Amino acid sequence: MYNPLIIRSSQSVHAWSAEILRRTLGLGALFNLLLTLITLSGAPSALAGDILTEKSAGRKYKIESKAASAEAGKPICVSAEIHDSGNQYGKLRARTDCNDIGSWETFALHTNDKGETATLRSEANGLYVSAEFHDSGSHFGMLRARKGDGIGNWEKFEIVPQGGGWFALRYTFSEGGTTTKYYVSAEINSTGSDEGLLRARKTGTPGSWELFKLHRIDSEGVPPAASSTPSRNIRALSWNVCSNNGSCPMYGKTTEEFVDEVVTQAEKARADIIFLQEFCEKLAKPLEQGLEKKFDNGADTWDVRFAPIQHEIDGTGAEDGGNGLYAQKACAKNRGAYGVAIAVPAENTWYRAIELESPRRKDENESRKERRTALCAAIQSWAVMGCTAHFSTGGPGYEDRDRKFQAQQAQFLVNKGVEYGNKGYRSLFGGDLNATPTHTPTGSEVPVLQPLYDNYTECDQPRNRATKGSLKLDYIFAPTSATWSGCTIGTDTSTSDHWPIRGTVTLPAR
C-alpha cells in the first residue's frame with residue numbers, strides 16, 4: 001500500500017526548533033524563526049496531513065514536466081511545496097527526480113462535471129490545486145495546493161492531449177467580461193525557490209514548457225499470505241447509504257448524524273465487517289471513530305477504507321492508448337470523492353480499489369465512461385478478503401442498457417476471488433449490484449449474477465427479499481463452504497432509498 005508521508009506540526013516541534021536555534025544562532029535568528037512560525041500557523045490546517053482523505057484507494061499520479069526533464073537529463077516531476085509559507089504555501093514546482101518521489105509529488109484527479117474538467121488534489125495535504133490569477137508579476141497564474149472547501153472555478157483544468165502520452169493543462173479564466181484560455185507552463189528559466197514554478201500563463205500554442213505526462217502510481221498488487229484460522233462466525237452488514245443523492249434524507253444529514261445512522265445499523269447487526277455504497281470519502285474517518293466509540297470505548301479497533309467511482313477525463317482516451325485518464329467523482333457538500341467503503345478490523349493493512357469495466361455514458365457525450373468500482377481489504381487473521389462493490393446501473397434508459405457490463409462485473413469479482421483464494425483468502429462480497437437474481441443480459445438466458453451464485457452462497461437465498469422498493473438489489477455472498485444464519489432486511493430505516501442487509505456467516509477452519 002502506498003503510504004503518503006504525513007508532515008506534522010505541533011507546539012512541541014515549534015519549541016524544539018526554537019531551542020535549537022536559540023542555542024546555535026542567537027536571539028536574532030530566534031526572532032526570525034518565530035515570525036516564520038506565526039506565518040505558518042495561518043496556512044491551511046491540512047499542513048499536518050488531511051486525516052479525512054488519507055484512507056482512499058483511488059488512483060494516484062505523478063506529473064512529469066517535459067521541459068524540466070530535458071533540462072535535467074532525467075525525468076523531473078512536480079512537487080507541492082507544503083513547507084513554504086504565506087501565499088507561497090503549496091506552490092507547484094517541477095523540481096524532483098521522478099524516481100525518488102513521496103507524497104509531495106503525488107496527486108489525485110477529481111471532477112465535479114463528469115470529466116469535462118479535472119482538478120488536481122495534493123496527497124501531501126489533501127488540498128485542491130488553484131490557479132492564482134489575482135497574484136501579480138512572476139506569480140500571476142501560479143498553481144498552489146491550497147483549496148480545502150471543495151472544487152471551484154479556479155480549480156478546474158482541461159487536460160488536452162498533445163500526442164505521445166503528453167498533455168497540456170488548460171485553464172479558462174473569465175473576469176470583467178473577458179475570457180482567456182491559459183496553458184500551464186513550467187518556468188524552467190526561473191531561479192531560486194521559483195525554479196520550475198507552474199503557472200497558467202501561456203496563451204499561444206503549447207510548447208515543451210507546457211507539456212506534462214501523468215504517470216499512474218501503482219501499489220503492490222499481491223496481498224500478504226493469509227493466516228491459519230479456526231472456524232469462526234462473522235457478522236456482516238451491507239448498505240447503500242445514499243449519501244450523495246439529494247432525494248435521500250441521508251444526503252441532508254450532518255457528518256455526526258450520518259455516522260449515528262450507520263453506527264445504529266452496525267449495532268443492530270453487531271457487525272464485524274461492513275460494506276457501504278454511495279459513500280463520500282470524507283465520512284470514512286468520522287465513521288471509523290464513531291464505530292470505535294460505540295463498540296470499543298474509542299480504542300483503535302476499526303479501519304474504514306474508501307475507493308472512488310471515476311469519470312474518464314474528456315478527450316484523453318484515444319490519445320492515451322485507449323486507456324484514458326480517470327478522475328474521482330466528487331461528492332457534494334465538500335465531502336471528498338464518491339464511491340464505496342468497507343469497515344474492517346484495524347489489523348487491515350492491505351486494501352485495493354478494483355476498477356470494474358464499465359459502459360460508456362448514456363447522455364449525448366458517448367466518449368466518456370463512469371467507471372464503477374469494488375474495494376477489497378484483507379483480514380489476515382480471519383483468512384478473509386472482504387470486498388464491497390457497486391455495479392453499473394442496468395436496463396433500458398440506463399448506461400448499461402443490455403446489462404452486459406453487469407455480467408462482466410460479476411464474473412470479474414469471481415475471478416478476483418479465485419486470485420485471492422490462491423493466497424489463502426475466502427472472499428466475502430457485499431454490495432449494491434443493481435440487478436435482481438433473475439435479470440439477464442440482452443440475448444442471454446443466463447442471469448447477470450449467475451457467476452456469483454455458481455461460486456458463492458448468498459445471505460438471503462432463496463427468499464431474495466426486496467432491498468429497494470420491490471427489488472432485491474443488495475447482497476452479501478460467502479463461499480459455498482460457509483453457512484448463513486439470521487439474514488435480515490432492515491426495513492426499519494428510511495434514511496436511504498435502500499434497506500440494509502445483514503446476517504451471520506460461519507466459515508470453516510482454514
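Index from 1, following the sequence. Note that these values count all heavy atoms, side chains included, but never hydrogens, waters or copies made by symmetry. Note that the structure is a prediction, hence the values are computed from the model and not measured.
- The stretch residues 140-163 participates, sequence neighbours left out, in these ring-ring contact (aromatic ring centres under 6.0 Å, His included) pairs: Phe133-Phe140, His134-Trp154, Phe140-Tyr182, Phe157-Tyr171.
- Side-chain contact check for Glu357 versus Phe412: every heavy-atom pair is 4.5 Å or farther apart.
- In summary, the side chains of Arg170 and Tyr183 do present a donor paired with an acceptor at a separation below 3.5 Å, with no hydrogens or angles considered.
- Nearest heavy-atom pair, Gly148 versus Leu127, reported as atom, atom and distance to 0.1 Å: CA-CD2, 3.5 Å.
- Under the 3.5 Å distance criterion, the side-chain polar atoms of Lys62 are matched with a main-chain donor or acceptor of Cys98.
- Remark: the Lys181 side chain and the Thr172 side chain contain an N/O donor-acceptor pair separated by less than 3.5 Å.
- Checking Arg93, Arg199, Lys91 one by one against Asp194, the side-chain hydrogen bond (donor to acceptor under 3.5 Å, both in side chains) holds for a single residue, Lys91.
- In this structure, a donor-acceptor pair under 3.5 Å is absent between the side chains of Thr111 and Glu116.
- The heavy-atom pair separating Ala374 from Leu413 by the smallest distance is CB-CD2, 4.0 Å.
- Using modelled atom types and a 3.5 Å distance limit, the side chains of Asn125 and Tyr89 yield a donor-acceptor pair.
- Annotation: side chain of Ser138 is not in contact with side chain of Ser190 (no heavy-atom distance under 4.5 Å).
- Side chains of Asn240 and Glu278: a donor on one and an acceptor on the other come within 3.5 Å.
- Counting heavy atoms of neighbouring residues, nucleotides and ligands inside a 6.0 Å radius, atom CD of Glu355 exceeds 12 of them.
- Between the side chains of His139 and Glu132, no donor N or O sits under 3.5 Å from an acceptor N or O.
- Not one N or O on the side chain of Asp303 forms a donor-acceptor pair closer than 3.5 Å with the backbone of Glu347.
- Remark: Glu105 CD to Asp97 CG distance equals 9.5 Å, nearest 0.5 Å.
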With salt bridge (Lys or Arg N to Asp or Glu O under 4.0 Å) as the test, would you mind laying out the steps for Lys66 and Glu64 before giving the verdict? CA-CA 6 Å; Lys66 186 172 187 178; Glu64 180 186 355; over 6 Å; no
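- With contacts defined as side-chain heavy-atom distances shorter than 4.5 Å, the pair Glu281/Pro308 does not qualify.
- Across Ala346 and Trp302, no two heavy atoms sit closer than the pair CB-N, 3.7 Å.
- Remark: side-chain polar atoms of Gln328 are not paired, donor with acceptor, to backbone N or O of Ile309 under 3.5 angstrom.
- Of all non-hydrogen atoms in Lys213 and Gly165, the two that sit nearest each other are CG-O, 3.5 Å.
- Residues Asn244 and Ala330 come closest through the heavy atom pair ND2-O, 4.0 Å.
- The closest side-chain heavy-atom distance from Lys468 to Asp432 is not below 4.5 Å.
- Heavy-atom neighbours of Lys294 NZ from other residues, nucleotides or ligands within 6.0 Å: at or below the threshold of 12.
- Applying salt bridge (charged side-chain N to carboxylate O under 4.0 Å, His left out) to Glu81 and the options Arg95, Arg144, Arg146 leaves one that passes, Arg95.
- No donor-acceptor contact under 3.5 angstrom links the side chains of Glu399 and Ser358, judged on distance only.
- In summary, the side chains of Thr117 and Glu158 do not present any donor paired with an acceptor at a separation below 3.5 Å, with no hydrogens or angles considered.
- The backbone N or O of Ser219 sits nowhere less than 3.5 Å from a side-chain atom of Lys60 that would complete a donor-acceptor pair.
- Side-chain contact between Tyr128 and Lys156: absent, with no pair of heavy atoms (C-beta onward) separated by less than 4.5 Å.
- Looking at Ile63, Thr106, Leu143 one by one, the single match for side-chain contact (heavy atoms from CB on, under 4.5 Å) with Val78 turns out to be Ile63.
- Proximity of a side-chain donor or acceptor of Lys202 to a complementary backbone N or O of Thr205 within less than 3.5 Å is detected.
- No side-chain donor-acceptor contact under 3.5 Å links Gln88 and Ser193.
- Inter-residue side-chain proximity for Lys282 and Thr53 is flagged as met; some heavy-atom pair is nearer than 4.5 Å.
- Checking side-chain atoms of Arg372 against main-chain N and O of Phe391 turns up a donor-acceptor pair under 3.5 Å.
- Under the 6.0 Å cut-off for aromatic ring centres, Phe258 and Phe279 qualify, their centroids lying closer than that.
- Between the Glu288 side chain and the Val304 main chain, a donor and an acceptor come within less than 3.5 Å of each other.
- Between the side chain of Glu292 and the backbone N or O of Thr301 there is at least one donor-acceptor pair closer than 3.5 Å.
- A 6.0 Å sphere centred on CG of Asn297 holds no more than 12 heavy atoms belonging to other residues, nucleotides or ligands.
- Residues Ile217 and Ile101 meet the side-chain proximity criterion, which asks for heavy atoms closer than 4.5 Å.
- Of the possible donor and acceptor atoms, one in the side chain of Thr119 sits under 3.5 Å from a partner among the backbone N and O of Glu155.
- You'll find the side chain of Glu370 stays beyond 4.5 Å of the side chain of Lys114, heavy atoms only.
- A distance-only check finds no donor-acceptor pair linking the side chain of Ser243 to the backbone of Tyr251 [under 3.5 Å].
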